[in-house]
Amino acid sequence: MKGDINFFSALEAANKSARSWQKSSFLIPAVGLALLLVLAVTALGFFFSGHKLERETALLEQAITEPQYAEEYQNVLNAASDLGWDISHNIQVSEAVSLLKNQTRITAGCFHQIDDMAPSGVHIISYGVSDNTIGLSCTTANNLPPAEFAQILDGSGLFYEVKYVGFNGTSEQYTFNIQCVLAGGGELQ
């Protein structure tokens, strides 16, 4: 029967279509419900963690005000304050050390070096130090050693510049001044 019509196949196709629609209509609400459940659990977690934090903060504040802990709490605050002062003090000391490292360093050995360079008959009566300059006040019985002393100091390589800045004298004694600008960033070794 070629010419027969199969009504059952059409009925089966309609049933399959109705079942697939029923499955998909169940899936959408299930996913929505699962999302709502996840959101509710997350919100409850935030609520309870915030509530727990508030409760713990209140307990700590209460404990701090109790007499048995108040003194200990004050000691901790004082120690923290002292630590802040120590840190500030250490920073200031570090800055001072840095400044000192960049300053002129002249030791007794430096003055001995200069004394050893003085020609015979020259007496250094005083030294002066200003920034990176050493000033010498000297006396001599002869008028030739002042220029010779300035040349020796200039040729020593210890100084960037040597200035012969003053000369006074009588027939018995001469006084003169020399200024020596330190070479090498202001350190005389």
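Values below: all heavy atoms of this structure, side chains included; hydrogens, waters and symmetry mates excluded.
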Colleague: Tyr127: what forms a side chain to side chain donor-acceptor pair (under 3.5 Å) with it, not counting sequence neighbours?
Modeller: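 If we apply the side chain to side chain donor-acceptor pair (under 3.5 Å) test to Tyr127, skipping adjacent residues, the hits are Asp115.
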Colleague: Under the side-chain hydrogen bond (donor to acceptor under 3.5 Å, both in side chains) definition, can you give me all pairs with a residue in residues 143-155, not counting sequence neighbours?
Modeller: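 Output for this query is empty, none listed.
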Colleague: Looking only at heavy atoms, which two atoms of Val122 and Pro145 are closest? And how far apart?
Modeller: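 Smallest interatomic distance, heavy atoms only, reads CG2-CB, 3.3 Å.
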Colleague: Could you go through the side chain to side chain contact (heavy atoms under 4.5 Å, CB included) check for Tyr160 and Leu182 one step at a time?
Modeller: CA-CA 5 Å; Tyr160 172 73; Leu182 296 173; over 6 Å; no
Colleague: Mind checking the CD-OG1 spacing from Gln173 to Thr139? Nearest 0.5 Å is all I need.
Modeller: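 Reported to 0.5 Å precision, the distance equals 5.0 Å.
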Colleague: Could you walk me through whether Ile114 and Phe149 pass side chain to side chain contact (heavy atoms under 4.5 Å, CB included), step by step?
Modeller: CA-CA 10 Å; Ile114 295 170; Phe149 192 22; 4.1 Å; yes
Colleague: Any side-chain to backbone donor/acceptor pair from Thr140 onto Gly121? Under 3.5 Å, distance only.
Modeller: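 Yes: the side chain of Thr140 pairs with the backbone of Gly121.
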Colleague: Is there a chain of hydrophobic side chains (I, L, V, M, F, W, Y, each step under 4.5 Å between heavy atoms) that links Met117 to Leu136?
Modeller: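 In one cluster with Met117: Leu136, yes.
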Colleague: Locate the shortest heavy-atom distance separating Ile124 from Cys138; write the atom from each residue and the value.
Modeller: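 It is CG1-SG, 3.9 Å.
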Colleague: Membership question, hydrophobic clusters at under 4.5 Å side-chain separation (ILVMFWY): are Val129 and Leu153 in the same one?
Modeller: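 Same hydrophobic cluster.
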Colleague: Rounded to the nearest 0.5 Å, how far does CG of Asn177 lie from CG of Asn168?
Modeller: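 These two atoms lie 8.0 Å from each other.
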Colleague: Please list all pairs meeting ring-ring contact (aromatic ring centres under 6.0 Å, His included) that have one or both residues in residues 164-183, counting only residues at least two apart or in different chains.
Modeller: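 Sorted pair list: Phe167-Tyr174.
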